[in-house]
Amino acid sequence: QVQLVESGGGLVQAGGSLRLFCAASGRTFSNAVMGWFRQAPGKEREFVAVISRGGGSTYYADSVKGRFTISRDNAKNTVYLQMNSLKPEDTAVYFCAASGGVYSDPKRFTVWGQGTLVTVSS
């Protein structure tokens, strides 16, 4: 079973950048499809990005397309989310999660990290 720990969140001004990290433990990381989700206060958890097992396929929510990039390094058991041109509406707790397939529905992801807070000031 994969266990996930996110890091890299913080406070940044609008227009700035942050890079989130998700470190995975366990021998099955390379077999897991990995996703990033976010949840703002009072809102439901929403899909941000997903990456296939080998990293060759990526998909993004329309709201982050062109600004965020998901990537993974299976040798380091880590998935990344590079966030550029951040906006105040990107403020949320960001979670990484593992799934058996490429989905955007958070219900299809079975393993979750604890989340890391990203705050974008205007």
Side-chain angles (χ1 to χ4, degrees):
Q1 177 91 348
V2 173
Q3 294 181 321
L4 306 173
V5 178
E6 302 95 334
S7 61
L11 174 64
V12 63
Q13 288 189 331
S17 298
L18 278 177
R19 194 182 198 199
L20 303 185
F21 302 81
C22 175
S25 62
R27 294 175 291 176
T28 59
F29 176 75
S30 60
N31 292 332
V33 172
M34 298 300 298
W36 284 98
F37 294 80
R38 66 187 182 186
Q39 188 165 17
K43 295 189 177 181
E44 292 187 353
R45 193 166 298 188
E46 67 173 1
F47 168 74
V48 174
V50 65
I51 187 166
S52 60
R53 292 174 179 84
S57 296
T58 57
Y59 302 93
Y60 298 91
D62 288 344
S63 58
V64 306
K65 203 172 294 182
R67 299 188 298 122
F68 290 11
T69 302
I70 188 172
S71 61
R72 66 189 295 166
D73 185 336
N74 286 343
K76 295 182 178 180
N77 279 14
T78 302
V79 62
Y80 308 93
L81 186 68
Q82 178 66 43
M83 306 186 296
N84 298 329
S85 302
L86 283 161
K87 305 175 181 180
E89 51 264 43
D90 294 318
T91 295
V93 177
Y94 283 71
F95 300 87
C96 68
S99 175
V102 178
Y103 308 110
S104 60
D105 184 350
K107 296 183 182 66
R108 306 301 294 265
F109 286 75
T110 56
V111 181
W112 291 82
Q114 84 290 346
T116 185
L117 177 63
V118 172
T119 303
V120 184
S121 63
S122 57

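Of all non-hydrogen atoms in L11 and S121, the two that sit nearest each other are CD1-CB, 4.3 Å. In plain terms, the two heavy atoms of F37 and S104 that are nearest each other are CE2-O, 3.4 Å. Across all non-hydrogen atoms, the minimal contact from A14 to P88 is CB-CD, 4.1 Å.
Other residues, nucleotides and ligands place no more than 12 heavy atoms under 6.0 Å from the CD atom of E44. The 12-atom threshold is exceeded at CZ of R45, counting heavy atoms of other residues, nucleotides or ligands nearer than 6.0 Å. Heavy-atom contacts from other residues, nucleotides or ligands closer than 6.0 Å to CD of Q3 number 12 or fewer.
One N or O on the side chain of E6 and one on the backbone of Q114 form a donor-acceptor pair closer than 3.5 Å. Of the possible polar contacts, none joining the R19 side chain to the Q82 backbone as a donor-acceptor pair under 3.5 Å is found. Between the side chain of R67 and the backbone N or O of S85, at least one donor-acceptor pair lies under 3.5 Å. Side chain of R108 to backbone of G100: no donor-acceptor contact under 3.5 angstrom is found. Between the side chain of R72 and the backbone N or O of S52, at least one donor-acceptor pair lies under 3.5 Å.
Contact check for Y80 versus D73: side-chain heavy atoms found under the 4.5 Å cut-off. Within the 4.5 Å cutoff, side-chain heavy atoms of S17 are placed close to those of N84. Side-chain atoms of P106 and Q39, non-hydrogen and from C-beta on, never get closer than 4.5 Å to each other. Using a 4.5 Å cut-off on side-chain heavy atoms (C-beta onward), F109 and F95 make no contact.
Listed by first then second residue, pairs satisfying disulfide bond (SG atoms under 2.5 Å apart) with a partner in residues 36-122 read C22-C96, not counting sequence neighbours.
Between L117 atom CG and T91 atom OG1 the span is 8.0 Å, to the nearest 0.5 Å. Rounding to the nearest 0.5 Å gives a distance of 9.5 Å between NZ of K76 and CZ of F21.
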- Please lay out, stage by stage, how K65 and D62 fare under the test salt bridge (Lys or Arg N to Asp or Glu O under 4.0 Å). CA-CA 5 Å; K65 203 172 294 182; D62 288 344; 3.1 Å; yes
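Connectivity analysis of hydrophobic side chains (ILVMFWY, heavy atoms under 4.5 Å, direct or indirect) links Y94 to V2, L4, V12, L18, L20, F29, M34, W36, V48, I51, Y60, V64, F68, I70, V79, L81, M83, L86, V111, V118, V120.
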